[in-house]
Structure formats: structure tokens, C-alpha cells
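Scope of the values below: all heavy atoms of this structure, side chains included, with no hydrogens, waters or symmetry mates.
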Amino acid sequence: MRTVAVVGASLAGLSAARALRSQGYDGRLVVIGDEPHRPYDRPPLSKEFLAGTLGEADLALESDDEDLRAEWLLGARAAGLDRTDRAIRLSDGRRVRADGVVVATGAAARTLPGTDGLAGVHVLRTLDDARGLRDALALGGRLVVIGGGFIGAEVASTAYGLGLDVTVVEAAPTPLTGPLGEAMGGIVSALHTDHGVRLLCGVGVKGLGGERRVEAVLLEDGRSIPADVVVVGVGARPNVEWLEGSGVAVDNGVTCGADGRTSLAGVVAVGDCAAWYDPRAGVHRRVEHWTGALERPAAAVAALLSSGAAAPGVPRPPYFWSDQYGVKIQFVGHTAGADTVTVVEGTTDDRSFLAVYRRGGHPVAVLGMNQPRLFTRWRKQLALTTP
């Protein structure tokens, strides 16, 4: 391959570029990113960066002496992929012809309809998002977080630490049921009420009040929650629209094999936009976690450089962590199909415990709250034993 283009300049794209060089690729390498920034770390955006304890320089993912011998096209959004000559069309009219393509375009935060142009309403996905939200929180006041998932919970925790009056609104009866299950989702989300943050569950948002600036969150049950700042944390959608008509199969993300290969030869996908085949479960899954963006590009690059001859390994069970109200939350595996969950260490009342999810008596997932050492041992065990 004379030219490989990596479309996406966040962690997954950077990891793919590093893997290309470490696996011996010495040809032309082009990295395309829609943001103007060099690759940066996203997890701190909702925590340390938002709180002002971490600066922008601390987010850098590249070392000062790192040189991937790459051409960086930043601030350039991919607008299409021509399947005939495998050329990436950019929104500014440029074209990048490549022999191999790594799709790492990530995902975009979902927004609430009708909120465009309404001041005081924020999402949190990018560095620019975090800059705006940090400035807004610095003014204090009343924050309403719409969505009780991990991003929303981390923002609520950070804002609480900054002294804001915080309310979390969650449409589901129990937050975090999807990733953690109902019982453990309820225990983890109770951190909000432990710290005096209002948690309103089982009620949807009808709209936002205010003409030019948000003044309230209007709930479907008729209540109105006063708000100076609103953060919408209702998930993300994969950035795959630019692949329409390219021949790359898409279904809630780029449909990939267990090694990241797509339906179009010479194209692999990694990161939040990629739905890899999970041989353990027999389904395609998008893994929107930091560790997946760090680890999986190596396998995808191996498949790309070998034209699929490299045997795909079985990916490690997905792992993520979250820091909320001074509590470290760690999770590995999948709760789907688990028929039991048992606390094996500590107590849920103390918010310091380790719980194991099992299917037919076999461990399939592990959740830890303030149990990092024990969790690490279970994580290694799960990677070895999960079927």
C-alpha cells in the first residue's frame, strides 16, 4: 500500500496511525480530522477539565518527541468515500486517494429538537463543547442535566463539586439500566441523592422554556424545573453519514468483522463508529469506551495490511470506568443475558463493593465501586474465562 488514510484524529485514529507504523507500514500516512485540534483525551472533559484542575496541554495524547511521519489534515470533515478509487472527499472539495482506509470518525452527541440557538444549552463531546460548558459552570447557578447516563452523571458530580444547584432528569425508571442492569444501576445512581443532587426518574422532557436563553426544563408530567444551564446527555450517534453510497455496510455504526474489516475491501473501522462482530455473543456491537479505541486498532491495522490474512483474536471484554462524587466506578463485560448479580465483597450501602454478573453460573461481567485492586483481578480472570 502506497497510501493509507485514517479518517478521524481522536484516540482511535491516533492508535491506528501508531499501529500502522509499529507494524511496519512505511508508506504515506494521512490523518484526517474534522476538529482543528491535535488528538486529545476525552474522559477528563467531564471531570478534571470541566472542574478547572486540568488544562488543555494535559489532554494531549501525543508526546513532544513523537513523529508518525503523517500528513495531518485537521479541520477537514469527510464528506464521502468513492468506492471505485477509494478516495475520501472532504467538505472543502479536496480529495484524498488511498489504497487503505481506516474509518475512525467516532460519534456525535445527540441533541434535543428545537434547542438550536438557545443560549445556555450544552452537550459534551468535544474540547470546544467542554470549553463552553466550563465557562458556563464557572458562573454558578442552577444546572439541569437531561440524561442519567455516565456522561450526565459525571457532569452532575463535577458541577456539584463546583457548588452549583444540580438536578438530573432521567426518562427511564432507573438510570444506567442498560449498561449495569436495574439493581446495580439504581445503586450507582443513588450517588446523586447521597450528595443532595436531585434525581428525577421516570419522566421525559417535553421541552425547554425561554426565548433567547434557557430558563427552565419542562417535563412531560407538567412540572417546570428552573435552569440557568442545561446539559443534554442523551447518548451519541455514530458519524457514518458520509459513508452513504460507498459500499460500506452501516447499521448503527459501520458493520465490521471480528477484526474490524468492513464490507468494502481495503477499508477497516475502529472506535465509537465501528460495530465489530463479537464472537462471544454472536452479534455486532459498538463499544464506545476508551479502552476499545486504544486496543482494537492494532487488530484492524493487521487485517488491513494483510488483506484479511491475519487471524483475528477474540477481543477482551469491554471495560470502562467513571469517577463520580469521589467514587471510582469500574465495569467490565456485558450484562445482557446475565441471570444473576451477586455482591461478593463489601456492601452496597457503603458504596464500596464488587458485584459479579453471571449467566448459568458463569461470570460474564463485573462491577466495582471503590474496589480497584479486587476489580483488576476479576477483570483479568474474566478475560481468560469468558466464553
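Taking 4.0 Å as the cut-off between side-chain N and carboxylate O, Asp165 and Arg198 count as a salt-bridged pair. Contact check on Arg89 versus Asp82 returns a salt bridge, with a Lys/Arg side-chain nitrogen under 4.0 Å from an Asp/Glu carboxylate oxygen. A salt bridge links Asp99 with Arg97: the closest approach of a Lys/Arg side-chain nitrogen to an acidic carboxylate oxygen falls below 4.0 angstrom. Using a 4.0 Å cut-off between a side-chain N of Lys or Arg and a carboxylate O of Asp or Glu, Asp339 and Arg359 do not qualify as a salt bridge. One finds a salt bridge joining Arg351 and Asp194 here, because a Lys/Arg side-chain nitrogen approaches an Asp/Glu carboxylate oxygen to under 4.0 Å. Salt bridge status for Arg95 with Asp85: present, with a side-chain N to carboxylate O gap under 4.0 Å.
To the nearest 0.5 Å, the span separating CG on Leu118 from CG on Leu112 amounts to 10.5 Å. Atom CD of Glu170 is separated from atom NE2 of His192 by 9.0 Å, given to the nearest 0.5 angstrom.
Just one of Arg125, Arg296, Arg237 meets the salt bridge (Lys or Arg N to Asp or Glu O under 4.0 Å) condition when paired with Asp272; it is Arg125. The only option from Ile329, Val343, Val341 that meets the side chain to side chain contact (heavy atoms under 4.5 Å, CB included) definition with Leu367 turns out to be Ile329.
Classification of the Phe375-Tyr319 ring pair by plane angle, with boundaries at 30° and 60°, yields tilted.
Counting heavy atoms from C-beta outward, Val168 and Val144 have side chains that stay 4.5 Å or more apart.
Between Phe331 and Phe150, the distance from one ring center to the other does not fall under 6.0 angstrom.
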